[in-house]
Amino acid sequence: MILYYSSTGNSYHVAQEIQKKYPGELIDMAKTKTEEPFVLAEGEPLFIVTFNCFWGVSEFVEDFFRRHQFVNVKRILAIITCGAYLGSGDAHLNRMLRVNGLPEAEVYDLPMVTNYVILHELSPFEEQQKCFNEADRRLKLILDGCISPYRSAFRTKLFGKLVHFLYFIFRHTKPFTVNDSCFACGKCVRDCPIKAIELVNNRPVWRKKTCDHCLKCLHQCPVAAINYGHFTLKKKRYHYPGNSY
Ligand SMILES: Cc1cc2nc3c(=O)[nH]c(=O)nc-3n(C[C@H](O)[C@H](O)[C@H](O)COP(=O)(O)O)c2cc1C
Ligand code: SF4
Ligand code: SF4
């Protein structure tokens, strides 16, 4: 079973690649409606694929594991895609699994293109291509068992708590704006994993004070009408090129 959570397609691509090697159910955490427990077959590993979020995992992922039951989970392999550096992402994920009574995961970091355009520039196209090739190569090594799991050092774990604290500052939805190119298609409303956006008089309005801050609405608006304060006004938008997630 492969559970994935993706905003701009990197983690979705990884989940698809895993499925080629381990044919199993591919479940989008943001779309599944099931209230039933997830039951694994004897010997079946549970894969978790998500993106690094301020050296941890996002609130949506934590909440997903709080809300769902799992049966017969003996081995968890987690692949966390990131822009550059996982930091304490392994420790955060494993804390969350422990709280929910699940076994410790073997965590692997997978650097891909960063979509966090609030604080970073998007890398040039040629660099992105190199990055995708390197990520595919590394993923193959991970799945072939040729790479040891990522383990953050003690001081990284400590510092990670501080880094992840920034997430709680940036999660506020107040800075989101919509410019006049918006044509009220409603894609941002449909895409938002936590239903934070509504169309009011043909304009997206953020109904929740905080959100998961996944940036899916911002990156996937067909006319790039959504911005986050002044941070993203001149920034390009990103989506993994090989899929239509
Ligand atoms: C809210 C947020 C926080 C992020 N924090 C980090 C980070 O701390 N370190 C990092 O290397 N990448 C970080 N990133 C970049 C993503 O982890 C990376 O681009 C990821 O591959 C995106 O996956 P996706 O396309 O499946 O959404 C962050 C992205 C978002 C949206
Ligand atoms: S996705 Fe973009 S164009 Fe469509 S409603 Fe949202 S902001 Fe407007
Ligand atoms: S409002 Fe945008 S950034 Fe926030 S959770 Fe929804 S899609 Fe993600």
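The model shown is predicted, which means the values in this text are computed figures rather than measured ones. Just so you know, ligand 1 is whichever comes first in the structure, and atom 1 is the first atom listed for that ligand.
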From atom 3 (C) of ligand 1, work out which of Cys53, Ser58, Cys131, Gly89 has a heavy atom at the shortest distance.
-> Cys53
Can you pull out the closest protein heavy atom to atom 15 (C) of ligand 1? Residue, atom name and distance to 0.1 Å, please.
-> Thr114 OG1, 3.4 Å
Look at atom 6 (C) of ligand 1 and find which of Val49, Leu218, Asn10, Asn52 reaches it with the closest heavy atom.
-> Asn52
If you look at every heavy atom in Leu97 and Ile76, which pair is closest and at what distance?
-> CD1-CD1, 4.0 Å
Contact check, Phe54 vs ligand 1, heavy-atom distance below 4.0 Å = yes
Report the nearest protein non-hydrogen atom to atom 5 (S) of ligand 2: residue, atom name, distance rounded to 0.1 Å.
-> Gly186 N, 3.2 Å
In terms of side-chain heavy atoms, does Asn115 have a donor or acceptor partner in His120 at a distance below 3.5 Å?
-> no
Under 4.0 Å from one or more heavy atoms of Pro204, ligand 2 contributes atoms 6 (Fe), 7 (S)
Between Tyr228 and Phe176, is any pair of side-chain heavy atoms under 4.5 Å apart?
-> yes
Taking the side chain as every heavy atom from C-beta outward, state whether Leu3 and Val49 have any pair of such atoms under 4.5 Å apart.
-> no
Keeping waters out of it, list the protein N, O or S atoms under 2.8 Å from atom 2 (Fe) of ligand 3.
-> Cys217 SG
Check each atom of ligand 1 against the heavy atoms of Cys214 and keep those under 4.0 Å away; list them by number with element.
-> 31 (C)
Best match, His213, His239, Lys216, His164: closest heavy atom to atom 1 (C) of ligand 1 | His213
Pro222 heavy atoms, cut-off 4.0 Å: which ligand 2 atoms fall inside?
-> 1 (S)
Best match, Thr50, Val113, Thr8: closest heavy atom to atom 19 (O) of ligand 1 = Val113
Report yes or no: is the cationic atom of Arg67 (NZ for Lys, CZ for Arg) closer than 6.0 Å to the six-membered ring centre of Phe65, at no more than 45° off its axis?
-> no
Of all the heavy-atom pairs spanning Leu93 and Ala105, show the shortest one and how long it is.
-> CD2-CB, 4.1 Å
How does Cys185 reach ligand 2, if at all, at less than 4.0 Å between non-hydrogen atoms: by side chain, backbone, both, or neither?
-> both
Evaluation steps, side chain to side chain contact (heavy atoms under 4.5 Å, CB included), between Val189 and Lys195 = CA-CA 7 Å; Val189 176; Lys195 305 283 166 248; over 6 Å; no
Which residue owns the protein heavy atom closest to atom 8 (Fe) of ligand 2, what's the atom, and how far is it?
-> Cys182 SG, 2.4 Å
So, Tyr22 versus Phe47, ring centres under 6.0 angstrom or not?
-> yes
Please state which protein non-hydrogen atom is closest to atom 30 (C) of ligand 1 and give its distance, to 0.1 Å?
-> Tyr116 CD1, 3.4 Å
Is Trp55 in polar range of ligand 1, meaning some N or O pair under 3.5 Å apart?
-> yes
Nearest protein heavy atom to atom 27 (O) of ligand 1, by residue and atom, and its distance?
-> Ser7 N, 2.7 Å
Would you tell me whether Thr81 and Asn10 have side-chain atoms, one donor and one acceptor, within less than 3.5 Å of each other?
-> no
Closest by any non-hydrogen atom to atom 31 (C) of ligand 1: pick that one out of Leu122, Asp109, Val57, Asn115.
-> Asn115
Heavy-atom nearest neighbour in the protein, as seen from atom 2 (Fe) of ligand 2, with distance rounded to 0.1 Å = Cys221 SG, 2.3 Å
With side chains defined as the heavy atoms from C-beta onward, is the minimum distance between Ile80 and Asp109 less than 4.5 Å?
-> no
Taking C-beta and beyond as the side chain, do Cys214 and Tyr5 meet within less than 4.5 Å on heavy atoms?
-> yes
Polar contact flag, side-chain donor to acceptor under 3.5 angstrom, His92-Glu62 | yes
For the pair Asp90 and Lys157, find out whether any cationic side-chain nitrogen is under 4.0 Å from an anionic carboxylate oxygen.
-> no
Min over Gly160, Ser6, Ala84 of heavy-atom distance to atom 11 (O) of ligand 1 lands on Ala84
Please identify which atoms of ligand 1 are closer than 4.0 Å to at least one heavy atom of Ser11.
-> 23 (O), 24 (P), 26 (O)
Ligand 2 to Ala184, heavy atom cutoff 4.0 Å, flagged ligand atoms 5 (S), 8 (Fe)
Does the side chain of Tyr238 reach to within under 4.5 Å of the side chain of Val117, using non-hydrogen atoms?
-> no
Which bit of Tyr85 gets closer than 4.0 Å to ligand 1, counting heavy atoms only: side chain, backbone, both or neither?
-> backbone
Any idea which protein heavy atom is nearest atom 12 (N) of ligand 1, and the distance to it?
-> Gly83 N, 3.0 Å
Tell me, with the steps shown, if Met1 and Phe38 meet side chain to side chain contact (heavy atoms under 4.5 Å, CB included).
-> CA-CA 9 Å; Met1 184 179 290; Phe38 294 103; 3.8 Å; yes
Heavy atoms, side chains only, cut-off 4.5 Å: are Phe132 and Val113 in contact?
-> yes
What is the closest protein heavy atom to atom 20 (C) of ligand 1, and at what distance does it sit?
-> Thr81 OG1, 3.3 Å
Could you tell me whether the side chains of Asn227 and Thr177 share a donor-acceptor contact shorter than 3.5 Å?
-> no
